[in-house]
Structures are given as structure tokens and as C-alpha cells.
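See structure below.
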Amino acid sequence: MKRKIIYETVGELFCGPGGGALGASMASYQNHNLEVRIKHMWATDYDKDSCETYLKNISKYERENHQRKDLPIVVNGDVNTNAIDLESEEQFPSVDGLIFGFPCNDYSIVGESKGYKGKFGPLYKHGIKILNRIDKPRWFIAENVSGLSSANNGKALCKIESEMRDAGYKINTHKYKFEEYGIPQARHRIIIVGFREDLNISYEIPRPSGLKVTAKEALSGIPKKADNQELTKQSKRVIERLGYIKPGDNAWSLDIPEDLRLNVPNTKLSQIYKRLDPDKPAYTVTGSGGGGTHMYHWDEPRALTNRERARLQTFPDWFSFCGSKESVRKQIGMAIPPLGLKIICNQVLTCLYNRKG
């Protein structure tokens, strides 16, 4: 018997280049006569290059894999201005699910960590607006850095959770260590999954796969024709310094001669000129790149290319990023790993459709 295919429709805020969208689009739930998939209806982001990347790749994937003609609409604009009206059903129609990886700048442990009192901290409230609509989404997925749990002495996360519950959702908050789920990167993120209260569904955290994918495994066999492989120009001094840094070590290694050491006595960030350990998952891919934070190859004295960084984030090689090399680096570092979001979305669909009775 041929399976009946149905779709959960999704809207996305702060969509970035499409890591969440790709992961959701790859997710599915199947039983003997039913297949459930996810299709995106609309998305929005303030960054123009990210929106162009999203349109180029997510539209392509949905057209080829879901045979869609009604491709998602991507709105480029700032949600804090009148350019985007989240109350507009015409521009942002009702959907079954909402995904929003609200900007993490103010919750990161690197920086001032202003939490919800900062410029970016309150942006989660735009997701709450959608959750408070009369025609509420059935479910949502919200994502942020692990520093969210300690921001404002723990008050930020409690405040966000409270507003989600007040909007009428039963929520589950969990810190995922994505390297435990086969992602080739030690990326730790707070993910909040919510189901509308009337559905009476409890989310069950997916079990870690136990599969460890190393940096060497992740970066092997990249096709020469893949986009975004421009090399970063390294100075002779940086190349010489990297020659003294062992795999897995960083700029504070005692093996580095005195004349090549960094003269920054108040800074000891571990990722400065840190080389990957080929036999372990990579350290966290970030959107920054200055001051020795590009991420560095374990064998060759150079920074990783954006394609290599995208591999660590589990973007497929056909996924082509738009914009300058610096813009692409930021897009990749700020994105949700597609395979990580696929795991979460698979579990959401299972909870929705694998109920007894």
C-alpha cells in the first residue's frame, strides 16, 4: 500500500542561511500507511546575504525533494521595525510549527553577557508574538547558546520559559551536546520544544546516538568543485606560529618560541589559533574570525575554509553560501547544524503522530 504523505507547515524567525530549514525539511515520520514531512511556508532574517542563501538552497531542496511549487517566502528585514508585521496573516500566515533560533549575542559566555537586558536579548519576544496568536502553532522549537541558562543569574531562561507557558504551551528545555548525536563538533545548545497544551503531548528527549564523528572524518573527501573554498591569507608569522602548535593545542602552548607568542596578557581564550584534533570532534564553530579565531587545520598551517567549516556544521557540499568570505563565515557559525535540527524535528513528528489511542 502506498503511503499517504501529509505535511506540517512551518514558519521561521531569525532563519539565517537555512540550517534549521534544511534539517526540518529532511525530517520525517513514517508508519505503515502514513508519511509526515515538514514544509516551510515563510521565513525572515535581517541579514540580506543569509536570506539569499536561504532562497537559493532551501527552495532548491524543497522543489527537488518535495516536488513543491509553492516555495517558501523569505522576508528580509528587521523585526524591530515596521518593515515586518508579525501580526499580518497575509504576510505571515498561520502555520503548524514555529522555529526560532533567536540571536544569541547577549547570552553567549564570550562577551558582556547582558542577557535579556541587552540589544539582542529581547528578540525572543517576537517568537512569543506568534505563539500568542489566536490561531496558535501546534508546536515550536526555540534554540540558543548554552549560556542562556546562566544569563541574568538564571533569570533570563526562567522569564522566557514563563512567557512560553503563559502563551499556552507545555515545554521541554534541554541542553544538547551535539557531538553526542553524531555531529562532528562540540556544539552545546539550549533547545526548548513546546507543544500546545490542548494536544496533551509530552516531548521526549531523543537518546544520544553514541556515534562520534571526528574532524578528520568530517573533512575528508570534499569535492574540488564545491563552493566556498577560498583560502584565508596567512602571514608568514602566523604560519610560523602554527608550526609550533600541536593538534588540539592553541596559542598558549609552551612549545611556541618567545618571539612568536601573543602579547595579550589578559586574554586566554582557548580557541585562539587552536588547531583541530583530527581524532576528536571539532571545537565549536563560531561566526567570528578575527584575532586568530578562524579555526585551524591539524596538519596544514592554515585556517579552515568556509566549506570545511560548513562540513563541521553538517551542511552538504551542494549547499552554496552567498556573500563575501567574511559574510559566509558568519552565516555558517551562527547557523543551526542541519543534522542536529533534523534529529529534533524527527522527534517532534514522532511525538505528534505516534500517539496511542
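Note that the structure is predicted; figures quoted are calculated from it, not measured.
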What distance separates [X] [atom1] from [Y] [atom2], expressed to the nearest 0.5 Å?
X      : Y      : atom1 : atom2 : value
Leu98  : Lys136 : CG    : NZ    : 12.0 Å
Arg37  : Glu35  : CZ    : CD    : 4.0 Å
Ile190 : Lys175 : CD1   : NZ    : 6.5 Å
Cys158 : Glu163 : SG    : CD    : 12.0 Å
Ile256 : Leu242 : CD1   : CG    : 8.5 Å
Lys60  : Leu71  : NZ    : CG    : 13.5 Å

SB check [X] [Y] (cutoff 4.0 Å):
X      : Y      : value
Arg68  : Asp70  : yes
Asp317 : Arg311 : yes
Glu240 : Arg237 : no
Glu89  : Arg133 : yes
Glu326 : Lys330 : no

Compute whether any side-chain donor of one residue and acceptor of the other, for [X] and [Y], lie under 3.5 angstrom apart.
X      : Y      : value
Gln313 : Gln185 : yes
Ser50  : Asp47  : yes
Ser320 : Lys56  : yes

Within a 6.0 Å radius of atom [atom1] on [X], are there more than 12 heavy atoms belonging to other residues, nucleotides or ligands?
X      : atom1 : result
Gln91  : CD    : yes
Ile73  : CD1   : no
Lys212 : NZ    : yes
Lys280 : NZ    : no

Heavy-atom side-chain contact between [X] and [Y] under 4.5 Å:
X      : Y      : value
Pro338 : Met26  : yes
Leu312 : Leu304 : yes
Leu22  : Pro316 : yes
Lys325 : Thr232 : yes

| message | With side-chain hydrogen bond (donor to acceptor under 3.5 Å, both in side chains) as the criterion, how do Asn306 and Arg329 come out once you've worked through the C-alpha distance, each side chain's angles and the decisive distance to 0.1 Å? | response | CA-CA 6 Å; Asn306 278 327; Arg329 183 180 65 235; 5.8 Å; no
| Who are the ring-ring contact (aromatic ring centres under 6.0 Å, His included) partners of Phe92, not counting sequence neighbours? | Trp42
| Contacts of Tyr7 that satisfy ring-ring contact (aromatic ring centres under 6.0 Å, His included) - sequence neighbours left out | His66
| request: Sort out for me which residue in Ile245, Asn250, Asp249 forms a side chain to side chain contact (heavy atoms under 4.5 Å, CB included) with Arg275. | output: Ile245
| query | If you look at every heavy atom in Met164 and Ala142, which pair is closest and at what distance? | reply | CE-CB, 3.9 Å
| field | Aromatic ring pairing Tyr296/His294, orientation class (parallel under 30°, perpendicular over 60°, tilted between) | value | perpendicular
| request: Measure up the Tyr176 and Phe178 rings against each other and bin them: parallel (under 30°), tilted (30 to 60°), perpendicular (over 60°). | output: parallel
| query | With sequence neighbours left out, what residues match Glu217 under side-chain hydrogen bond (donor to acceptor under 3.5 Å, both in side chains)? | reply | Thr214
